[in-house]
Participant: 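Can you keep this structure in mind? I'll have questions shortly.
These numbers come from a predicted model, not from an experiment. The basis for the numbers below is simple: all heavy atoms, side chains too, and nothing from hydrogens, waters or symmetry mates.
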Amino acid sequence: MKVAFPVAPEPDPDTAEAARKLFAGPVDFLKGVVAMDGLPPADRPEVCFAGRSNVGKSSLINALTGRNGLARASNTPGRTQEINYFTLGEQAYLVDLPGYGFAKAPVAVVAKWQALLKNYLAGRPTLRRAFTLIDSRHGVKDVDHEIMKLLDRSAVPFQVVLTKGDKIGREAMEATVAQVQEALQKHPAAYPELVITSSDKGQGIATLRAIIAGVD
């Protein structure tokens, strides 16, 4: 039996406003982590953002928080070499994971990042949801399936967020959504809603804020 994976609806005004206020409050960089023993105490829920290099992860985090320089955006593959922790007030952690799927970084460096990523996803008890970012122009690739398989094995619920939704037209977006919906049939840990976003235009930002605010 197929799962529908519809696009998430916009939140109601009260929910959207509560989420806006949460993200308008204190959001700060806490620390960058290069090994599991450097993780902060598991004392609150956390959500993480995972995606291929240059999928627009840093730009999305900046758009969510309304702070242009909070997460570093770069066209250089592998610039984010750490697990970067941000505090969302005292309510939760936002976690920016190293990009995956890049080819230009040294093999040894890539292996180290991949090991850290796998250990984190498999062993963080307070991780409530992973947001797996997919470029709207490209859809799900083989490397995305690999991270999704890891999330399946780790029993970490993940939700696909399509980025750069302003870069393609309506018909192309419909094709991408259909491709993603089909790809997710293989992954039991996939949360049954998609989110379409544009960091530049603000599309889907209120929806994603409300989803994160509701994770506990």
Side-chain angles (χ1 to χ4, degrees), residues 3-25 27 47-75 80 84 86 88-89 91-92 94-97 99-101 128-141 143-144 147-148 157-184 187 190-215:
V3 181
F5 293 103
V7 175
E10 293 185 5
D12 64 73
D14 289 343
T15 301
E17 179 61 12
R20 186 197 67 78
K21 287 182 177 178
L22 174 64
F23 278 86
V27 182
V47 299
C48 69
F49 299 86
R52 297 194 306 270
S53 184
N54 296 337
V55 74
K57 186 156 46 68
S58 296
S59 297
L60 181 65
I61 292 171
N62 289 338
L64 285 168
T65 61
R67 294 159 173 84
N68 289 333
L70 187 67
R72 295 178 301 175
S74 173
N75 290 323
T80 304
N84 288 314
F86 303 90
L88 183 58
Q91 178 169 324
L94 305 177
V95 185
D96 182 11
L97 299 181
Y100 58 84
R128 296 293 185 261
R129 190 173 304 178
F131 293 99
T132 305
L133 277 52
I134 303 293
D135 191 319
S136 295
R137 300 169 297 180
H138 306 308
V140 176
K141 301 292 188 182
V143 69
D144 298 310
I147 199 74
M148 291 175 186
F158 70 87
Q159 186 164 9
V160 166
V161 177
L162 293 169
T163 62
K164 307 182 183 182
D166 59 312
K167 305 299 184 185
I168 61 175
R170 181 178 59 83
E171 290 187 2
M173 178 59 76
E174 289 176 354
T176 295
V177 168
Q179 188 261 356
V180 172
Q181 290 169 332
E182 184 63 30
L184 291 180
H187 297 287
Y191 188 83
E193 279 185 341
L194 312 178
V195 185
I196 299 174
T197 65
S198 165
S199 299
D200 290 341
K201 305 297 184 184
Q203 178 185 9
I205 298 302
T207 300
L208 189 52
R209 283 175 181 159
I211 290 169
I212 294 170
V215 172

Participant: At their closest point, which heavy atom of I196 faces which heavy atom of G165, and how far apart are they?
Facilitator: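 Nearest heavy atoms, I196 then G165: CG2-CA, 4.4 Å.
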Participant: I need the N68 CG to S59 OG distance, nearest 0.5 Å.
Facilitator: 9.5 Å
Participant: Quick one: pull up CD1 in I61 and CZ in F86 and give me the separation to the nearest 0.5 Å.
Facilitator: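 Spacing of CD1 (I61) from CZ (F86) equals 5.5 Å.
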Participant: Using modelled atom types and a 3.5 Å cut-off, is there a donor and acceptor pairing between side-chain atoms of S198 and backbone atoms of Q203?
Facilitator: no
Participant: Grab the two heavy atoms, one from K57 and one from G99, that are nearest each other, plus how far apart they are.
Facilitator: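 Looking at all heavy atoms of both residues, the closest pair is NZ-N, 4.2 Å.
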Participant: Which pair of non-hydrogen atoms, one from T15 and one from A210, has the smallest distance, and what is that distance?
Facilitator: CG2-CB, 3.9 Å
Participant: Considering residues, nucleotides and ligands other than Q179, do more than 12 of their heavy atoms fall under 6.0 Å from its CD?
Facilitator: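 Yes, the 6.0 Å shell around CD holds more than 12 heavy atoms from other groups.
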Participant: Compare all side-chain heavy atoms of L208 with those of F23 and state whether any distance is below 4.5 angstrom.
Facilitator: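 Contact flag for L208/F23 side chains = no.
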Participant: Salt bridge check, D135 against K167: does any charged N sit closer than 4.0 Å to a carboxylate O?
Facilitator: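 D135 and K167: not salt-bridged.
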Participant: List the steps and the verdict of side chain to side chain contact (heavy atoms under 4.5 Å, CB included) for Q181 and L194.
Facilitator: CA-CA 9 Å; Q181 290 169 332; L194 312 178; 4.0 Å; yes
Participant: Decide side chain to side chain contact (heavy atoms under 4.5 Å, CB included) for F158 and L184; before the verdict, give the C-alpha distance in whole Å, the side-chain angles of both, and the deciding distance to 0.1 Å.
Facilitator: CA-CA 10 Å; F158 70 87; L184 291 180; 3.9 Å; yes
Participant: Indicate the atoms forming the closest heavy-atom contact of A213 with A19, along with that distance.
Facilitator: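 Smallest interatomic distance, heavy atoms only, reads CB-CB, 4.1 Å.
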Participant: Would you say the side chain of T132 lies within less than 4.5 Å of the side chain of V161, judging by non-hydrogen atoms?
Facilitator: no
Participant: Under a 3.5 Å distance rule, please check whether Q159 uses its side chain to pair with a backbone N or O of E193 as donor and acceptor.
Facilitator: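 Yes, the answer is positive, given that a donor and an acceptor are paired below the 3.5 Å cut-off.
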Participant: Given K164, which of K201, R137, H138 fulfils the side-chain contact (heavy atoms from CB on, under 4.5 Å) condition?
Facilitator: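 One option only clears the test, and that one is R137.
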Participant: Given 3.5 Å as the limit, does a donor-acceptor pair link the side chain of T163 with the main chain of V55, or not?
Facilitator: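 Checking the backbone N and O of V55 against the side chain of T163, a donor-acceptor pair under 3.5 Å is found.
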Participant: Quick one: closest heavy-atom pair of G69 and N62, and the distance?
Facilitator: C-OD1, 4.1 Å
Participant: For the pair L60 and I205, evaluate side chain to side chain contact (heavy atoms under 4.5 Å, CB included) and give the outcome as yes or no after the intermediate values.
Facilitator: CA-CA 8 Å; L60 181 65; I205 298 302; 3.7 Å; yes
Participant: Should E17 and D14 count as side-chain neighbours, where that means a heavy-atom distance under 4.5 Å?
Facilitator: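 No, every pair of side-chain atoms sits at 4.5 Å or beyond.
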Participant: Per the side-chain contact (heavy atoms from CB on, under 4.5 Å) rule, which among V160, I134, T176 passes with V140?
Facilitator: I134
Participant: Name all residues meeting the ring-ring contact (aromatic ring centres under 6.0 Å, His included) criterion together with F49; count only those two or more places apart in sequence or in a different chain, and write none if there are none.
Facilitator: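 Once residues adjacent in sequence are excluded, the partners of F49 under the ring-ring contact (aromatic ring centres under 6.0 Å, His included) criterion are F131.
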Participant: Test L22 against I212 for side chain to side chain contact (heavy atoms under 4.5 Å, CB included), laying out the working first.
Facilitator: CA-CA 10 Å; L22 174 64; I212 294 170; 5.9 Å; no
Participant: Which pair of heavy atoms, one from T207 and one from V195, lies closest together, and at what distance?
Facilitator: CG2-CG1, 4.4 Å
Participant: Looking only at atom types and distance, does a side-chain atom of R209 sit under 3.5 Å from a main-chain N or O of L64, one as donor and one as acceptor?
Facilitator: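 Yes: the side chain of R209 pairs with the backbone of L64.
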Participant: Return the CG to CG distance between D200 and D166, rounded to the nearest 0.5 Å.
Facilitator: 5.5 Å
